[in-house]
Amino acid sequence: MKFILNILRLILITTSFSSAYSQPLCHDNERSTLLQFKLSFSLAKFASIYPIAYPKTQSWEPTGSGSNCCLWDGIACDKESSHVISLDLSSSYLYGFFESNSTIFDLVHLQNLNLADNDFRYSLIPPKIGRLSNLKFLNLSRSTFFGQVPIEISKFPRLISLDLSYNEDPLSGAKMLRIQKPNLRTLIQNFTALKILDLSEVLISSRGPKILADCTSLTYLALEDYGLHGSC
């Protein structure tokens with residue numbers, strides 16, 4: 001009986017050891033990039049409106065047992081390359097100005113970027129976002145972004161889902177994002193894989209629905225400004 005118990009303990013230890021080392025170990029430069037991004041914002045509960053919100057970056061640690069960024073809240077890494085491929089900081093209490101040269105744009109392997117439901121204080125969407133050419137999912141909704149949507153967003157040939165909705169002034173409720181120059185046709189002309197598009201409450205100068213009729217890959221479209229919302 002004692003022999004069997006020892007065997008079971010050995011199996012348990014081996015399994016635990018194997019599980020720990022099967023997790024991707026993040027690259028030092030990507031951990032540094034993420035920590036710098038964390039420090040560029042303060043945390044404020046009023047910055048996120050959803051009940052599920054919590055400060056995901058608060059648990060990020062530069063050293064020690066919690067320094068593997070692949071295990072941090074909101075982060076997912078590729079199992080083979082260990083590069084950060086997903087950053088989901090939606091509803092994370094992030095408050096502050098989004099810098100035009102933010103370190104986040106050094107995460108060039110990102111496939112998913114979700115910054116929804118934070119308060120970036122009337123920041124422009126930086127043109128450097130175009131560096132994230134591997135993006136498949138981009139969500140910048142309800143985060144107090146302001147101004148023209150940059151043409152660089154059109155340079156994501158793999159993009160499947162784009163949500164820029166409800167970037168409104170928290171005081172007046174005015175729409176703050178616009179698609180004018182470049183216009184909507186220019187912005188979406190390269191989106192051959194796009195399936196989900198939400199531009200609700202975005203100021204659009206073009207005749208949105210007519211232009212989007214040519215976007216045959218779409219399966220879901222929301223354009224509340226036009227009174228159009230539903231499946232295609």
Side-chain angles (χ1 to χ4, degrees), residues 20 23-79 81-147 149-150 152-153 156 161-167 170 176-177:
Q23 296 292 341
L25 186 63
C26 75
H27 295 263
D28 290 342
N29 62 318
E30 293 185 341
R31 177 172 55 247
S32 176
T33 291
L34 289 165
L35 288 170
Q36 288 179 60
F37 181 73
K38 169 187 175 178
L39 294 174
S40 65
F41 299 101
S42 56
L43 297 176
K45 285 188 176 182
F46 62 77
S48 300
I49 64 173
Y50 291 124
I52 60 170
Y54 70 99
K56 295 177 184 176
T57 61
Q58 198 168 52
S59 63
W60 294 6
E61 297 293 340
T63 58
S65 58
S67 64
N68 182 4
C69 66
C70 292
L71 301 178
W72 288 351
D73 275 356
I75 306 294
C77 294
D78 184 85
K79 291 183 178 180
S81 68
S82 295
H83 285 300
V84 176
I85 58 172
S86 179
L87 178 59
D88 182 353
L89 293 180
S90 57
S91 303
S92 293
Y93 299 161
L94 299 182
Y95 179 73
F97 192 75
F98 204 104
E99 298 175 0
S100 61
N101 61 344
S102 172
T103 59
I104 198 174
F105 304 129
D106 293 330
L107 299 174
V108 294
H109 300 278
L110 276 182
Q111 297 178 23
N112 172 53
L113 176 59
N114 189 344
L115 299 175
D117 189 31
N118 293 290
D119 189 345
F120 297 124
R121 300 184 62 194
Y122 310 98
S123 299
L124 297 172
I125 298 175
K128 277 193 174 182
I129 196 171
R131 295 189 63 193
L132 306 179
S133 59
N134 290 303
L135 279 181
K136 295 180 180 179
F137 304 91
L138 177 60
N139 190 340
L140 303 179
S141 64
R142 297 185 187 274
S143 287
T144 328
F145 279 109
F146 171 83
V149 176
E152 283 75 12
I153 281 184
F156 301 145
S161 176
L162 175 63
D163 190 345
L164 302 176
S165 63
Y166 299 105
N167 279 282
M176 298 199 302
L177 271 186

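Here, residue 1 is the first one in the sequence, and each next residue gets the next number.
Each of Ser90, Ser91, Ser92 was compared with Asp117 under the side chain to side chain donor-acceptor pair (under 3.5 Å) criterion, and only Ser91 meets it.
Counting only heavy atoms from C-beta outward, the side chains of Leu140 and Asp163 never approach each other to under 4.5 Å. Counting only heavy atoms from C-beta outward, the side chains of Phe37 and Leu107 never approach each other to under 4.5 Å. Between Phe137 and Gln111, every side-chain heavy-atom pair lies at or beyond the 4.5 Å cut-off. Proximity of Leu110 to Leu135: side-chain heavy atoms (C-beta onward) are separated by under 4.5 Å at one or more points. In this structure, Ser81 and His109 have side chains that are not in contact, with every pair of non-hydrogen atoms separated by 4.5 Å or more.
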Asp73 vs Thr57, test: side-chain contact (heavy atoms from CB on, under 4.5 Å). Steps then yes/no. CA-CA 7 Å; Asp73 275 356; Thr57 61; over 6 Å; no

Could you walk me through whether Ile129 and Leu138 satisfy the side-chain contact (heavy atoms from CB on, under 4.5 Å) test, starting with their C-alpha distance in whole Å, then the side-chain angles of each, then the deciding distance to 0.1 Å, before giving a yes or no? CA-CA 10 Å; Ile129 196 171; Leu138 177 60; 4.1 Å; yes

I'd like to know whether Phe120 forms a ring-ring contact (aromatic ring centres under 6.0 Å, His included) with Phe146, so could you lay out the CA-CA distance, the side-chain angles of the two residues, the decisive distance to 0.1 Å, and finally the verdict. CA-CA 9 Å; Phe120 297 124; Phe146 171 83; over 10 Å; no

Walk me through it: do Phe98 and Leu115 pass the test side-chain contact (heavy atoms from CB on, under 4.5 Å)? CA-CA 11 Å; Phe98 204 104; Leu115 299 175; 3.7 Å; yes

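Legend: residues meeting side chain to side chain contact (heavy atoms under 4.5 Å, CB included) with Asn167, ordered by chain and number and at least two apart, are Ser143, Phe145, Leu177. By the salt bridge (Lys or Arg N to Asp or Glu O under 4.0 Å) test, Lys56 pairs with Asp88, sequence neighbours left out.
The minimum heavy-atom distance linking Asn112 with Ser86 is given by the pair ND2-OG, 2.9 Å. Taking every heavy atom of both residues into account, Cys69 and Val84 meet most closely at SG-CG2, 4.3 Å. The two residues Leu87 and Leu34 come nearest to each other via the heavy atoms CD1-CD2, 4.1 Å. Pro24 and Ser82 make their closest contact through CB-OG, 3.6 Å (heavy atoms, listed as atom of the first residue, atom of the second, distance). Of all the heavy atoms in Ser141 and Asn139, the pair that sits closest is OG-OD1, 2.7 Å. Between Ser133 and Phe156 the shortest heavy-atom distance is CA-CD2, 4.0 Å.
The cationic atom of Arg142 (NZ for Lys, CZ for Arg) lies less than 6.0 Å from the six-membered ring centre of Tyr166 and within 45° of the ring axis.
Listed by first and then second residue, the ring pair (Phe, Tyr, Trp, His ring centres under 6.0 Å) pairs that reach into residues 55-77 are Trp60-Trp72, sequence neighbours excluded.
For the atom pair CZ of Arg131 and CG of Asp106, the computed distance is 5.0 Å after rounding to the nearest 0.5 Å. Rounded to the nearest 0.5 Å, atoms CZ (Arg121) and CG (Leu94) are 13.5 Å apart. Summarising the geometry, atom CG belonging to Leu25 is positioned 7.5 Å from atom CZ belonging to Arg31; distances are rounded to the nearest 0.5 Å.
For the residue pair Thr144/Asp119, the side-chain donor-acceptor check at 3.5 Å is satisfied. Using modelled atom types, one finds a donor on one side chain and an acceptor on the other under 3.5 Å when comparing Gln36 with Ser32.
The main-chain N or O of Asn29 is found under 3.5 Å from a side-chain atom of Thr33 such that the two form a donor-acceptor pair. The main-chain N or O of Glu99 is never found under 3.5 Å from a side-chain atom of Ser102 such that the two would form a donor-acceptor pair. Although no hydrogens or angles enter the test, the distance criterion places no donor-acceptor pair under 3.5 Å between the side chain of Asn118 and the main chain of Ala47.
Less than 2.5 angstrom separates the SG atom of Cys70 from that of Cys77.
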